[in-house]
Protein chains: 2
Amino acid sequence: MSAGHTAVTTPAPDEPVIVCETPQDECGVRDVLDRLGDKWSVYVVVELASGIRRFKELQRAIPGNISQRMLTLTVRRLERDGLVKRTVYAAVPPQVEYELTELGHSLTHLIKSLADWSIAHRPAIAASRTAWDASHPKPTGGE
Amino acid sequence: MSAGHTAVTTPAPDEPVIVCETPQDECGVRDVLDRLGDKWSVYVVVELASGIRRFKELQRAIPGNISQRMLTLTVRRLERDGLVKRTVYAAVPPQVEYELTELGHSLTHLIKSLADWSIAHRPAIAASRTAWDASHPKPTGGE
DNA sequence: CTGCATCCGGTATGATACTG
DNA sequence: CAGTATCATACCGGATGCAG
């Protein structure tokens with residue numbers, strides 16, 4: 001080996017701010033993010049946090065015009081994870097109601113915190129982005 | 001109109017658990033989720049929460065074998081949003097250090113909560129998924 | 001070592017049409 | 001009204017090669 005340069009100053013482990021309590025895998029953050037990471041899950045949870053909603057109501061309440069397909073997929077996943085409860089009524093015009101489970105409600109608090117943080121720091125983030133964009137001109141033909 | 005069935009029992013607005021403080025748009029949750037929603041951002045923040053890291057160190061520390069491309073894109077975005085600070089040293093073997101900014105550290109707290117929730121409810125979620133899968137057989141060529 | 005460009009595939013998202 | 005199926009598209013993420 002040509003290993004010279006005295007390598008790097010071995011980085012001290014520092015003190016872990018976030019510890020992984022599950023040595024089996026990585027931090028469990030991924031589990032939640034995978035569910036909340038998609039485009040609509042959060043909005044469904046937020047809307048459902050206010051009470052029981054029907055399919056169409058959910059679709060209308062969610063900003064951004066979610067398609068039936070996406071709404072279906074989203075609520076299905078949430079239902080599978082036990083965050084949402086789906087109730088079907090055998091009526092002539094089919095009626096399905098969605099509501100948060102206990103698990104779902106417990107997540108509500110987290111999302112609320114996330115929303116608060118987002119709202120509080122949005123200006124700072126926006127400013128940072130603007131500044132960054134300004135100092136990083138994209139070579140789109142002009143210099 | 002042919003609307004019979006006494007329609008639906010008009011759903012009362014209920015009391016909003018999560019309110020949108022920004023009428024201009026939707027809830028600000030999207031802002032954070034868009035940044036945390038990708039596959040690696042969270043891990044970078046988690047790792048950086050423990051201290052300053054170099055590019056290669058970051059790559060090695062993150063579980064799941066992140067590619068250079070993704071690491072670069074991820075830290076760039078975080079840097080653009082002002083969550084991460086990037087310092088370049090004009091050394092012969094290029095050296096770049098990454099560290100969390102104040103904004104980044106404040107997010108650490110949220111992620112910790114998210115991780116805690118995830119870890120605490122992982123068993124419940126896993127059980128729910130198993131139960132759901134069992135009652136929802138997929139027609140993979142079967143009858 | 002660090003970072004960028006290009007090609008490529010998988011998945012998520014979405015528009016539309018059709019069924020119960 | 002609720003949900004599924006199909007097709008098309010956009011973006012994410014990975015592999016590789018090259019450059020400072």
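Quick note on labels: first sequence line is chain A, next is B, and so on, each numbered from 1.
The CG atom of B/Leu58 sits 10 Å away from the P atom of C/dG3 (whole-angstrom rounding). Look at CG on A/Asn65: it is 8 Å from P on C/dA15, rounded to the nearest Å.
B/Leu83 and B/Val88 fall within the same hydrophobic cluster, where Ile, Leu, Val, Met, Phe, Trp and Tyr residues are linked whenever their side-chain heavy atoms come under 4.5 Å apart, directly or through other members.
The phosphate of C/dT6 has neither OP1 nor OP2 within less than 4.0 Å of any side-chain N or O from B/Arg69. For the pair B/Arg54 and C/dT2, the criterion of a side-chain N or O lying under 4.0 Å from OP1 or OP2 is met.
Within a 6.0 Å sphere centred on CD of B/Glu99, other residues, nucleotides and ligands contribute more than 12 heavy atoms.
The minimum heavy-atom distance between B/Ala124 and A/Leu103, with the atom names listed, is CB-CD2, 4.4 Å.
In this structure, of C/dG20, C/dC4, C/dT13, it is C/dG20 that holds the atom nearest to the side chain of A/Pro94. For A/Trp40, the listed nucleotide lying nearest its side chain is C/dG14; candidates were C/dC1, C/dG14, C/dG3. Checked against C/dT13, C/dA15, C/dG3, the side chain of A/Ser67 finds its nearest nucleotide in C/dA15.
Think of the region where chain B sits on DNA chain D: with heavy atoms and a 4.0 Å cut, that region ends 5' and 3' at D/dG13 to D/dG20.
With rounding to the nearest 0.5 Å, the separation of CG in A/Asp34 from CZ in A/Arg77 is 10.5 Å.
Looking at B/Asp116 and B/Ser113, their side chains never bring a donor and an acceptor atom within 3.5 Å of each other.
With B/Leu107 as the partner, the side-chain contact (heavy atoms from CB on, under 4.5 Å) test is satisfied by one option alone out of B/Leu100, B/Thr101, B/Val42, B/Leu36: B/Leu36.
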